[in-house]
Amino acid sequence: MNHPKGAFAPFFYPVCSPRTRGDALLSSAADAFEAGRHGDALVATEYVCRRFPSRSLPAMLRARILHTSRPELAAEAWYGAWKRDPEHPAIQDQLLAAWLASGAAASVAELGPCFLPARCSAGTHASLVALLARAGLTHVGACWKQGAAIEMMLFFPSAADGKPPMARLRLTGVGASHVYEVPADGRRLRLPPVALDTTWSLTVERPGQAPAMLHGSPLVFAAAPQPPAPAAADPGQVSIVIPVYRQRALVQTCIESVLASLAHNRTPAELVVVDDASPEPDLSAWLDRQAAAGRITLLRNPVNLGFIEAVNRGLRAHPGHDALLLNADTEVHGDWIDRLRASLYSAPDIASVTPWSNNGEISSFPAIARNALAPTSAQLAAIDAAAAEVRRADAGAADIELPTCCGFAMLMRRSVIASIGVLDGVALVRGYGEEVDWCLRARAAGWRHLLATGVFVAHTGTVSFRHEKTLRVRQNRHVLAERYPTYRNEYAAFLADDPLAAARAGLKAALAGEANDWLQAAQGALDPAADDDAMPKALPVARARVAVWRLRAGAAACAQVLELARLAAALPGQPLRLLVLGDVGEPLWRTGVVDGVPVADPEDDAPFSDAALVGMAGCSALLAADATGAPLDLPLTHLDRDFCARAWLDAWCAAHAIPLDDRQ
């Protein structure tokens, strides 16, 4: 149905206010999907997905559209929806089912069990357990805290004789161990109240197999983080705390780089490695050899304490030393400790400092909050040396205050730890966000945090948790939002204002002058010149479409596109629609023949590129003022000063047998 004055139903969304347009388009998309017009549904949904990147419902509809029309994109589409709401049971199930359909059972086996504790606790676990069984996981279970007790559920196959399955569980804490024989038939179980102020791990023991930690372990029963016992501080001494769990090659690279750097630093430093009950015997044996040779101080947890509590054990090892937290997937160079320490003590109110990194969230380089591949050892040496030289030579390249530091490499003043305590391993799960909480506690006590602009540390990133990171970030973000309700807005404002831009530009200029190959590769990966995927086949649509490529507000082309849209709106039956990628003003929306979609954010979760959207939307031609990155498969018309909207539309109408004299 068409409204007499304009767009096809629902005709009201072109004249909606910007505030209500998203809901109207989502309704339009649902109707188009039910009617089989998948191209129209996808275009409308994509506007809402990009306009409201935190909403999960539009991403779910997009995933359903692609699941039906482009099943090869379903897994990626459901992954994008899950990233927006990683604790939504239905999205979790759809993601795992799509992975199974695409042959990614290993990913299901890796991520799916992470959902079990919350799903079992809430009673929504049945469909998840079935999906895990399809991925080959037939002996699964989960545990969670319930007050001072531990609850659990286990799902084992029935015994050969038909008897209900049983499981042997070992509950292990610091200095204590208990063994239980429990049913493993999916019933909800509760262990007696456990001793508080410690961390407990539950492992399943099966004959002929290594003990397996139950999902949800370790469980931290402790009070809020308290300051350690007072000790005589030695501000000249640094403990470098590295928590270790797996990935021997990365751990070895990290530790060897730290040990090699010690000779270049005047600051006395001790390398404290915390083996968090690693499941890799080769890694533990290598650490034993380093400790026996006196190269490291090795602390080995008898049970897995989790990342945060492993770090805390390292922080408590030397209560008189400043603490330098360092992830096990980093690499360092030169006199990095001296330079970090100089920044930490550049003012009396500095609580912590963090360096530049290729993967450092707020301190990422060459683009803020965007990760790049880690440099090689030789590349790291050149980048770090350039950062140090820029900091020494340019008085304007001073260290810069941050709202919080990033914990991949963070030097912490011991007097602050003594004042506000260690990291919070009770309310924060597994990892991610614990350093933000510590930094914000320090800020509340009057301390500040800095980016040490004269240091660069390489960071591989997301080795320990992979897909699980999204889930843990979401869970811990809720805790931080309750404690610090204004922080997310402050962080977003910092990214938008980017006070680090000048310092980054100085380091870029220094590296560009050296023709640094890592910088060239990193910038090329972050800012690709063109979309590299072929334009896919069009999906069913109600009207022919032409794409306008990445229109910019205020550009001369805006007036030309508006004139073309008004002329197209006057055609009888409105056979032509414009898909405008970019900035769509209200005059364009009100023509009734424009579908506006913001340009894809490289950091967003879209399962396809702008070029692919143009293809699936059924566009037969392309108009562009700047065709950089545009699909090469379509006829291209440049929006320059020679472009005539009426002449172009006359030619289009002639090609599609639309009588010109019937125009309104």
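For the single chain, residues carry numbers from 1 onward in sequence order.
- Taking the ring centre of Phe365 as origin, the terminal cationic atom of Arg370 falls outside the region bounded by 6.0 Å and 45° from the ring axis.
- A donor-acceptor pair shorter than 3.5 Å can be found between the side chains of Thr404 and Tyr487.
- Leu214 CG to Cys143 SG: the interatomic distance, rounded to the nearest 0.5 Å, is 4.5 Å.
- Put simply, the side chain of Thr253 gets close to the backbone of Ala249: a donor and an acceptor are under 3.5 Å apart.
- Annotation: side chain of Asp437 is not in contact with side chain of Leu423 (no heavy-atom distance under 4.5 Å).
- Here Arg266 does not pair with Asp335 in a salt bridge; the nearest charged N to carboxylate O distance is not below 4.0 Å.
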Exercise for review: Could you walk me through whether Arg295 and Glu256 pass the salt bridge (Lys or Arg N to Asp or Glu O under 4.0 Å) test, one step at a time?
Suggested key: CA-CA 10 Å; Arg295 307 181 77 200; Glu256 292 288 3; 3.2 Å; yes
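- Between Leu271 and Thr297 there is no side-chain heavy-atom pair separated by less than 4.5 Å.
- Between the Asn265 side chain and the Gly334 main chain, a donor and an acceptor come within less than 3.5 Å of each other.
- To the nearest 0.5 Å, atoms CG (Asn301) and OG (Ser201) are separated by 9.0 Å.
- Trp336 and Ser261 share a side-chain donor-acceptor pair at under 3.5 Å.
- Nearest heavy-atom pair, Ser239 versus His321, reported as atom, atom and distance to 0.1 Å: OG-ND1, 2.8 Å.
- Thr267 places no side-chain N or O within donor-acceptor distance of the main-chain N or O of Ile337, the cut-off being under 3.5 Å.
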Exercise for review: Could you please spell out the steps behind the side chain to side chain contact (heavy atoms under 4.5 Å, CB included) verdict for Ser217 and Trp200?
Suggested key: CA-CA 7 Å; Ser217 286; Trp200 293 95; over 6 Å; no
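- What you find for Leu96 and Val108 is that their closest heavy atoms are O-CG2, 3.5 Å.
- Evaluation of the side-chain hydrogen bond (donor to acceptor under 3.5 Å, both in side chains) test over residues 504-517, restricted to residues two or more places apart or in two chains, returns Gln379-Asp517, Asp498-Arg504.
- Ion pair Arg441/Asp424 not flagged as a salt bridge, since none of the NZ, NE, NH1 or NH2 atoms sits closer than 4.0 Å to an Asp/Glu carboxylate oxygen.
- Ser257 and Glu331 share no donor-acceptor pair across their side chains, judged by distance under 3.5 Å alone.
- The line from CG of Leu116 to CG of Leu137 is 9.0 Å long, rounded to the nearest 0.5 Å.
- Arg84 and Ser54 form no side-chain donor-acceptor contact under 3.5 Å, judged by distance and modelled atom types alone.
- Between Thr460 and Asn327, the closest side-chain pair of non-hydrogen atoms is not below 4.5 Å.
- One N or O on the side chain of Arg443 and one on the backbone of Pro403 form a donor-acceptor pair closer than 3.5 Å.
- For Glu401, the salt bridge (Lys or Arg N to Asp or Glu O under 4.0 Å) partners two or more places apart in sequence, or in a different chain, are Arg448.
- No side-chain donor from either of Asn358 and His459 sits under 3.5 Å from a side-chain acceptor of the other.
- Note that SG of Cys114 is 7.0 Å distant from NE2 of His215, once rounded to the nearest 0.5 Å.
- Of all the heavy atoms in Ala386 and Leu511, the pair that sits closest is CB-CD2, 3.6 Å.
- A side-chain N or O of Ser352 and one of His449 form a donor-acceptor pair less than 3.5 Å apart.
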Practice item. Using the side chain to side chain contact (heavy atoms under 4.5 Å, CB included) rule, take Arg170 and Thr172 through it: C-alpha gap first, then chi angles, then the decisive distance, then the call. Key: CA-CA 6 Å; Arg170 183 175 296 275; Thr172 309; 3.5 Å; yes
Exercise for review: List the steps, then state whether side-chain hydrogen bond (donor to acceptor under 3.5 Å, both in side chains) holds for Glu270 with His318.
Suggested key: CA-CA 10 Å; Glu270 180 176 349; His318 296 293; 3.1 Å; yes
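- Of the inter-residue distances, the one linking Phe307 atom CZ with Asn312 atom CG reads 10.0 Å to the nearest 0.5 angstrom.
- For Arg300, the salt bridge (Lys or Arg N to Asp or Glu O under 4.0 Å) partners at least two apart in sequence or on another chain are Asp275, Asp288.
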**Study point:** Audit row: Asp276, Arg313, salt bridge (Lys or Arg N to Asp or Glu O under 4.0 Å) steps and yes/no
**Key:** CA-CA 10 Å; Asp276 195 21; Arg313 187 179 180 197; over 6 Å; no
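- Side chain of Gln92 to backbone of Pro86: a donor-acceptor contact under 3.5 angstrom is found.
- Within 6.0 Å of CZ in Arg488 there are 12 or fewer heavy atoms belonging to other residues, nucleotides or ligands.
- Residues Leu324 and Val241 have side chains not in contact (no heavy-atom distance under 4.5 Å, counting atoms from C-beta outward).
- Ser364 and Ala369 make their closest contact through CB-N, 3.8 Å (heavy atoms, listed as atom of the first residue, atom of the second, distance).
- Put simply, the side chain of Asn304 gets close to the backbone of Gly306: a donor and an acceptor are under 3.5 Å apart.
- In this structure, Asp85 CG and Glu87 CD are separated by 7.5 Å, a value rounded to the nearest 0.5 Å.
- Remark: the backbone N or O of Phe456 is paired with a side-chain donor or acceptor of Asp384 at under 3.5 angstrom.
- You'll find the side chain of Pro366 reaches within 4.5 Å of the side chain of Leu519, heavy atoms only.
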Check your understanding: Can Leu298 and Gln290 be said to form a side chain to side chain contact (heavy atoms under 4.5 Å, CB included), step by step?
Key -> CA-CA 8 Å; Leu298 179 61; Gln290 307 313 304; over 6 Å; no
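- A heavy-atom distance below 4.5 Å is found between the side chains of Leu111 and Trp99.
- Between Phe221 and Thr199 there is no side-chain heavy-atom pair separated by less than 4.5 Å.
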Check your understanding: For Ile242 and Val272, what are the C-alpha separation, side-chain angles and deciding distance, and is it a side chain to side chain contact (heavy atoms under 4.5 Å, CB included)?
Key -> CA-CA 6 Å; Ile242 305 179; Val272 180; over 6 Å; no
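- Using a distance-only test at 3.5 Å, with no hydrogens or angles considered, a donor-acceptor pair links the side chain of Ser357 to the main chain of Val457.
- Nearest heavy atom pair, residue Trp438 against residue Val422, reads CD1-O, 3.8 Å.
- In Ile368, the CD1 atom is crowded: over 12 heavy atoms of neighbouring residues, nucleotides or ligands sit closer than 6.0 Å.
- The closest side-chain heavy-atom distance from Trp518 to Leu380 is not below 4.5 Å.
- Scanning both residues, Ser343 and Leu450, for their nearest heavy atoms gives O-CD1, 3.9 Å.
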